[in-house]
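A quick write-up on the structure given underneath.
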Amino acid sequence: MRIATWNVNSITARLPRLLAWLESTGTDVLCIQETKCAADQFPVGQLRELGYEAAVNATGRWNGVAVLSKVGLADVVTGLPGGPEYDGVQEPRAVSATCGPARIWSVYVPNGREVGHEHFSYKLRWFEALTAAVAEDAAAGRPFAVLGDFNVAPTDEDVWDPAVFEGLTHVTPAERDALATLRGTGLTDVLPRPLKYDRPYTYWDYRQLGFPKNRGMRIDLVYGNAPFAEAVSDAYVDREERKGKGASDHAPVVVDLDV
DNA sequence: ATGGCTGCGGAACGCAGA
């Protein structure tokens, strides 16, 4: 089974690429982030033509997540149970479903904006709620994984120049501790291999030639429990999808499972 | 060529992204 995660930065803008990519890779389950469209605008028809069912949690201009599956889609949970609000709203940042043999979450963790910003404490609270919500499934015997845009680089190796990120979000001890606490439920960071260069970055800023200069970050992660991690036969970042006109600023992370 | 941001809402430019 091939499972992947991809922050598409607008499913509307990315639809031609997305459909072509699904066909060429034969992905069975795709976790999507930043759909940037309302649920009733989601292109369910075109995805169904390719054989995918979709679980969607999306409300409009910002955020939005989905799970696409052609191996079944059951027991959908929309949103993060017990998750915090921002500006009085539970933002659409999580959706989960059972896809064939595995329980799968697609998450888009809040950015945090600046250390000390209200959005930053929201980010940390969001991680706490996520940790509580996945604990039972993480410890269970069924393959389980949280995939998505975590908006944290787990180590200094996961940013192109740690000096540039000093004092910024995505690399602070508080955020990395939140990731470690999440892993403490029994989850392993499934490290993908890069297709080029030495680090498996998943995001490159659109600005200032970020991609050609490989000024990247690894912030799109696959956190699987032991039954999931032990079934992994391959994992890679599909940097080819970051190339050319009309690319997202994130590349897909692809994981092959023997299940 | 991998190339100096992009998408959205709304109809100019501000917000958000990380």
Side-chain angles (χ1 to χ4, degrees), chain A residues 5-18 20-21 32-43 58-66 86-87 89 91-93 107-124 126-127 148-176 178-179 194-221 236-253:
Chain A
T5 182
W6 189 10
N7 179 325
V8 296
N9 185 20
S10 170
I11 195 167
T12 309
R14 218 63 59 211
L15 192 60
R17 272 182 176 257
L18 172 64
W21 185 84
I32 298 178
Q33 300 84 38
E34 287 211 78
T35 62
K36 290 187 170 178
C37 76
D40 60 6
Q41 307 284 315
F42 201 85
T59 54
R61 182 175 183 181
W62 287 304
N63 313 308
V65 289
Y86 191 76
D87 275 347
V89 178
E91 298 177 317
R93 294 180 176 275
V107 300
Y108 178 48
V109 176
N111 170 290
R113 296 186 189 164
E114 293 171 28
V115 177
H117 194 286
E118 188 184 351
H119 211 259
F120 189 79
S121 53
Y122 167 57
K123 181 178 193 173
L124 298 178
W126 207 91
F127 266 117
D149 179 353
F150 285 69
N151 270 319
V152 180
T155 74
D156 278 353
E157 298 283 287
D158 296 311
V159 296
W160 61 275
D161 183 359
V164 169
F165 291 89
E166 260 182 64
L168 302 181
T169 60
H170 293 62
V171 301
T172 65
E175 291 163 282
R176 288 174 173 169
L179 269 188
L195 295 184
K196 190 179 179 183
Y197 304 122
D198 59 338
R199 293 296 308 169
Y201 299 143
T202 65
Y203 162 85
W204 300 259
D205 198 300
Y206 282 127
R207 291 165 292 189
Q208 296 171 318
L209 300 172
F211 182 64
K213 293 180 177 175
N214 199 32
R215 294 178 171 175
M217 308 172 74
R218 186 174 76 94
I219 56 176
D220 300 272
L221 309 175
Y236 66 94
V237 180
D238 189 357
R239 74 185 299 282
E240 295 299 308
E241 196 50 52
R242 180 61 179 80
K243 294 181 178 179
K245 196 172 176 63
S248 170
D249 43 1
H250 296 250
V253 179

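Everything numeric here is computed off the predicted structure, so don't read it as measured data. Reminder, nothing fancy here: chain letters follow the sequence lines and each chain counts from 1. Computed from heavy atoms alone, side chains included, the values below leave out hydrogens, waters and symmetry copies.
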Can you check nucleotides 7-11 of chain B for protein contacts, nitrogen or oxygen pairs under 3.5 Å, and list what you find?
from, atom 1, to, atom 2, distance (Å)
dG7(B), OP1, R14(A), NH1, 3.4
dG7(B), O3', S10(A), OG, 3.2
dC8(B), OP1, S10(A), OG, 2.4
dC8(B), O2, R61(A), NE, 3.3
dC8(B), O2, R61(A), NH2, 2.3

(Q) Whole angstroms only, please: what is the CZ-C1' distance between F211(A) and dT6(B)? (A) 16 Å
Q.
Does K196(A) contact dT2(B) through a side-chain donor or acceptor facing the base, at a distance under 3.5 Å?
A. yes
**Q.** Listed once per pair and sorted, the salt bridge (charged side-chain N to carboxylate O under 4.0 Å, His left out) pairs that draw on residues 107-123 of chain A, sequence neighbours left out
**A.** K123(A)-E175(A)
Q | Reported CG-to-CH2 distance for the pair N214(A) and W160(A), which is rounded to 0.5 angstrom | A | 10.5 Å
Q) Taking the P atom of each, how far is dA16(B) from dG4(B), in whole Å? A) 25 Å
Q) What distance do R207(A) atom CZ and R215(A) atom CZ have between them, rounded to the nearest 0.5 Å? A) 12.5 Å
(Q) Please list, in numerical order, the residues of residues 107-120 of chain A that have a heavy atom closer than 4.0 Å to any atom of DNA chain B. (A) Y108(A), N111(A), R113(A)
Q.
To the nearest 0.5 Å, what is the distance between OG1 on T12(A) and CD on Q41(A)?
A. 7.5 Å
Q: Report the distance from atom CH2 of W204(A) to atom P of dG3(B), rounded to the nearest whole Å.
A: 13 Å
Q: Would you check if there is a donor-acceptor pair between the side chains of Y206(A) and N9(A) at a distance under 3.5 Å?
A: yes
Q.
So E34(A), base contact, sugar-phosphate only, or nothing? Heavy-atom distance under 4.0 Å.
A. sugar-phosphate
Q. How about L179(A) and F127(A): do any of their side-chain heavy atoms sit closer than 4.5 Å?
A. yes
**Q.** Partner set under side-chain contact (heavy atoms from CB on, under 4.5 Å) for S121(A), not counting sequence neighbours
**A.** R125(A)
Q: Establish, from distance only, whether the side-chain atoms of Q33(A) and T5(A) form a donor-acceptor pair under 3.5 Å.
A: yes
Q | Span that lies between the C1' atom of dG7(B) and that of dA18(B), in whole angstrom | A | 15 Å
Q: Could you check how far CG of D158(A) sits from C1' of dA18(B), rounded to whole Å?
A: 14 Å
**Q.** dG10(B) versus dC15(B) - spacing of their C1' atoms, nearest Å
**A.** 13 Å
(Q) Run the ring-ring contact (aromatic ring centres under 6.0 Å, His included) test against F211(A) and tell me which residues pass, sequence neighbours left out. (A) W204(A)
Q | Spacing of N7(A) atom CG relative to dG17(B) atom C1', expressed in whole Å | A | 9 Å
**Q.** 5' priority, DNA chain B, between F165(A) and Y197(A) [closest heavy atom]
**A.** Y197(A)
Q) Which value, in whole Å, describes the distance between the P atoms of nucleotides dT6(B) and dA11(B)? A) 23 Å
Q.
Expressed as a whole number of angstroms, how long is the span from I219(A):CD1 to dA16(B):P?
A. 18 Å
Q) For the pair made of CH2 in W6(A) and P in dG17(B), what is the distance, rounded to whole Å? A) 20 Å
Q | Sugar-phosphate, base or nothing in reach of D220(A), heavy atoms under 4.0 Å | A | nothing
Q. Atom NZ of K213(A) to atom P of dG4(B): distance rounded to whole Å?
A. 11 Å
Q | Rounded interatomic separation in angstrom, taking CG from D249(A) and C1' from dG3(B) | A | 16 Å
Q: Go through the structure and list residues passing side-chain contact (heavy atoms from CB on, under 4.5 Å) with T59(A), not counting sequence neighbours.
A: P92(A)
